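Labels below follow one simple rule: chain letters A, B, ... track the order of the sequence lines, proteins then strands, and each chain is numbered from 1. Quick caveat, the model's predicted, so the values are computed rather than measured.
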Amino acid sequence: MLYKLATRKHIFVEIYIADICTCSKQAPFLLGSDFLLWHILICSIKMPEGPELHLASLYVNKMCDGVVFSGPVIKSEVSKNPEVAFTCDSFRITATSRGKEVKLTLTPMKSDDDGKRRSKGGQADQHMDIVFRFGMSGYFRFTSEDEVPKHAHLRFYTKEKPRRVLSFVDTRRFGSWQPNGTWQPDRGPCIMFEYKSFRENVLSHLSDRAFDRPICEVLLNQKYFNGIGNYLRAEILYRLNIPPFVCARDALEGLELEDEFEDGKPVKDEITDTKTPERAKKKGMKREAGDVLRLCHTVPLEVVSLGGKGYDPEKMDYSAFEAWLRCYYVDGMKSVRDHNGRTMWFKGDPGPMAPKDSKSPKTKKRAKKDDDHDYTEKKKVAKTMKESTTKKRVVKKETPKKEKPTHPKEVVSKRGKAEKTQEETQQSETKSSARKKKNSSVEAAAGRERRSGRVTRKNSK
DNA sequence: CGTCCACGTCTAC
DNA sequence: TAGACCTGGACGG
């Protein structure tokens with residue numbers, strides 16, 4: 001499977017071969033193709049739920065281990081986020097994550113020069129924390145200087161000769177950062193790495209009006225579920241067969257404050273099950289063992305264990321993650337817009353608090369009075385998903401738009417070779433981005449075997 | 001070409 | 001409880 005992946009993505013492999021060579025010392029525990037694979041997968045993280053934010057922090061720590069950065073931190077012109085006033089001759093970068101936030105720590109290195117204090121940057125001695133939120137499209141990427149991706153809105157440059165760059169990339173610019181920031185105070189404990197306090201925080205506040213809402217909507221409340229996002233809520237509720245629109249308090253009260261869940265074991269079992277579907281799914285029994293709160297912890301950790309292929313339909317290897325999904329965006333599942341307009345994926349009974357009006361996501365804003373049958377199953381539009389590579393030559397110009405007409409400098413450094421590589425990458429993406437409601441019987445095309453396998457497994461249930 | 005949709009917050013009626 | 005904030009891919013005509 002690993003090799004299949006590597007083969008399919010050979011273009012990408014080539015693109016990053018340079019990075020791998022220069023950075024391989026950072027991951028001595030990984031050898032040869034394993035490192036290659038790790039690198040590839042980790043590079044594909046561009047999506048914002050708890051697991052991906054954590055993987056992003058791992059990525060930064062891995063890639064920047066031993067790397068010396070220097071100079072000012074550069075913000076793109078178009079970004080409305082604050083400038084990062086940090087200039088230092090030599091500093092290191094480390095990262096940590098908590099729920100749906102990542103904190104970068106810039107640490108000045110001990111300069112042996114005695115009297116020579118850095119006159120330039122006043123705060124050269126002081127480390128700085130920058131707290132990031134990823135919005136819908138944020139991710140970190142460490143590249144050579146001329147391979148800085150489009151939409152790299154904050155950049156940290158290395159000190160060495162041919163410089164390299166750690167970039168915060170954010171296509172849609174919904175992401176944000178705060179220099180000298182702290183974890184956002186209103187966000188609860190991390191669902192993955194502060195399980196005990198997360199659990200306590202929820203169970204000790206069940207009288208909060210927030211829990212009057214349907215469970216699926218409360219799961220997106222970062223005050224209590226810091227790290228849960230739209231795909232995770234679907235997967236968690238699906239595994240326990242909890243109707244998404246039951247009152248959250250009803251679903252949560254009665255749970256024990258203490259959960260002697262042992263880290264590692266359940267997660268491991270879970271993974272094993274995934275790899276041996278014939279065993280696990282035989283009797284249609286989903287022995288997930290655990291309540292909602294525990295699954296809010298273990299399910300995200302499964303994604304972390306997948307090794308880096310987080311949610312990212314458009315980019316890179318998506319197949320393993322796609323295969324992991326059992327409900328979100330899966331053929332045969334139902335979907336409804338919740339009260340906040342977010343698509344909730346589920347199976348079976350929607351629950352008593354389901355929105356009465358907006359049935360399917362299609363009926364967003366349109367007064368379209370088309371026949372409103374109940375919660376629409378995902379229609380299987382048997383459309384031949386032929387390789388729509390026809391539009392590949394559409395070299396999009398990527399104009400910085402108006403927003404800052406005076407400074408059309410948004411264009412980072414993408415020209416010549418860099419630009420080409422980008423485009424090649426995108427092309428390979430479009431090919432493998434088979435998502436949507438393709439009928440599984442139709443494809444037969446390459447690159448879908450994993451997903452097909454998953455669907456089959458499901459159906460056989 | 002246009003419409004719909006997307007992994008998330010934010011703030012303003 | 002609506003928009004607002006954004007870009008870009010898929011799909012329809």
Side-chain angles (χ1 to χ4, degrees), chain A residues 44-56 76 78-81 99-101 132-139 149-151 153 169-178 184 186-187 213 217 219-223 225-235 300 303 309-315 318 321-322 325 328-329 335 337-345 355 357-358 360-366 368 378-379 381 383-392 394-404 410 422-423 426-438:
Chain A
S44 73
I45 299 168
K46 311 176 166 66
M47 42 332 208
E49 294 190 24
E52 291 78 20
L53 276 278
H54 178 65
L55 287 165
S76 76
V78 290
S79 172
K80 293 168 182 166
N81 282 305
K100 251 182 264 185
E101 294 182 307
F132 291 80
R133 260 155 276 137
F134 280 16
M136 296 281 265
S137 57
Y139 62 99
K150 201 162 132 183
H151 308 299
H153 294 302
V169 188
D170 183 12
T171 305
R172 298 180 68 182
R173 275 182 265 152
F174 291 171
S176 63
W177 65 77
Q178 300 174 265
Q184 204 168 242
D186 288 340
R187 307 185 77 103
R213 321 238 70 224
E217 292 171 18
L219 284 178
L220 294 186
N221 185 339
Q222 302 299 298
K223 184 175 178 181
F225 296 89
N226 187 8
I228 300 295
N230 205 26
Y231 81 73
L232 284 172
R233 70 168 179 175
E235 295 300 315
V303 179
K309 318 151 274 260
Y311 183 104
D312 187 5
E314 261 64 73
K315 308 286 180 194
Y318 176 63
F321 176 72
E322 187 179 50
L325 290 172
Y328 181 81
Y329 233 115
S335 64
R337 297 241 178 220
D338 68 15
H339 295 284
N340 301 308
R342 303 271 254 141
T343 302
M344 178 66 216
W345 290 86
D357 49 336
S358 80
S360 107
K362 278 294 189 225
T363 62
K364 178 184 184 177
K365 189 70 174 216
R366 42 180 61 202
K368 197 68 183 303
K378 243 357 194 188
K379 300 280 170 61
V381 187
K383 49 176 68 255
T384 40
M385 268 311 269
K386 73 260 192 91
E387 310 283 304
S388 61
T389 52
T390 53
K391 57 183 67 173
K392 65 180 183 182
V394 185
V395 190
K396 287 249 193 157
K397 221 38 166 310
E398 197 249 315
T399 50
K401 281 300 166 56
K402 59 282 300 279
E403 34 188 309
K404 210 99 178 210
E410 143 80 335
Q422 252 178 237
E423 256 164 77
Q426 274 159 263
Q427 284 172 29
S428 75
E429 291 157 9
T430 48
K431 250 186 242 204
S432 64
S433 71
R435 201 153 190 46
K436 289 291 95 165
K437 51 272 179 165
K438 297 167 322 251

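Residue A/R187 is in sugar-phosphate contact alone, with no base atom involved, counting any heavy-atom pair closer than 4.0 Å across all strands shown. Counting any heavy atom pair closer than 4.0 Å across all strands shown, A/E101 reaches no nucleic acid atom.
OP1 or OP2 of B/dT9 has at least one side-chain nitrogen or oxygen of A/Q222 nearer than 4.0 Å. For the pair A/K150 and C/dG8, the criterion of a side-chain N or O lying under 4.0 Å from OP1 or OP2 is met. OP1 or OP2 of B/dC10 has at least one side-chain nitrogen or oxygen of A/Q184 nearer than 4.0 Å. The side chain of A/H339 contributes no N or O atom lying less than 4.0 Å from OP1 or OP2 of C/dA2. The shortest distance between the side-chain N/O atoms of A/R172 and the OP1/OP2 oxygens of B/dG8 is not below 4.0 Å. Residue A/S176 places none of its side-chain N or O atoms closer than 4.0 Å to OP1 or OP2 of B/dT9. One finds a side-chain N or O of A/R337 lying less than 4.0 angstrom from the OP1 or OP2 phosphate oxygen of B/dA6. OP1 or OP2 of B/dT9 has not a single side-chain nitrogen or oxygen of A/R173 nearer than 4.0 Å.
Taking atom CZ of residue A/F132 and atom P of nucleotide B/dG8, one finds them 18 Å apart after rounding to whole Å. For the pair A/M136 CE and C/dG9 P, the interatomic distance rounds to 15 Å; values are reported in whole Å. In this structure, A/D170 places its CG atom 10 Å from C1' of C/dT7, rounding to the nearest Å. Here the C1' atom of nucleotide B/dC5 and the CG atom of A/D338 are 15 Å apart, to the nearest Å. The interatomic distance linking A/L219 (CG) with B/dG8 (C1') rounds to 15 Å, in whole Å. C/dC5 atom C1' lies 15 Å from atom NE2 of A/H151, rounded to whole Å. Rounded to whole angstrom, the span from the OH atom of A/Y328 across to the C1' atom of B/dG8 amounts to 12 Å. Atom CD in A/E322 sits about 15 Å away from atom C1' in B/dA6, given to the nearest Å.
Here the side chain of A/P48 is nearest to one of B/dC5, C/dG8, B/dG8, namely B/dG8. If you check C/dG8, B/dT9, B/dC5 against the side chain of A/K100, the one that comes closest is B/dT9. Distance from the side chain of A/E49 is smallest for B/dG8 among the nucleotides B/dC10, C/dT7, B/dG8. For A/T171, the listed nucleotide lying nearest its side chain is C/dG8; candidates were C/dG8, C/dT1, B/dA6.
The stacking criteria are not both satisfied for A/F174 over the base of B/dT9, which would need a centre-to-centre distance under 5.5 angstrom and an angle between ring planes under 30 degrees. Here A/F134 does not lie in a stacked arrangement on the base of B/dG8, lacking the combination of planes under 30° and ring centres under 5.5 Å apart.
The closest side-chain heavy-atom distance from A/V78 to A/H151 is not below 4.5 Å. Residues A/E101 and A/L53 fail the side-chain proximity criterion, which asks for heavy atoms closer than 4.5 Å. A/N81 has its side chain out of reach of A/H153: every pair of non-hydrogen atoms, C-beta onward, lies at least 4.5 Å apart. Contact check for A/E49 versus A/I228: no side-chain heavy atoms found under the 4.5 Å cut-off.
Nucleotides B/dC5 and C/dG13 have their P atoms positioned 15 Å apart, rounded to a whole Å.
Taking the six-membered ring where tryptophan is involved, the planes of A/F132 and A/W177 are tilted, since the angle between them lies from 30° to 60°.
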Can A/R213 and A/D338 be said to form a salt bridge (Lys or Arg N to Asp or Glu O under 4.0 Å), step by step?
CA-CA 11 Å; A/R213 321 238 70 224; A/D338 68 15; over 6 Å; no
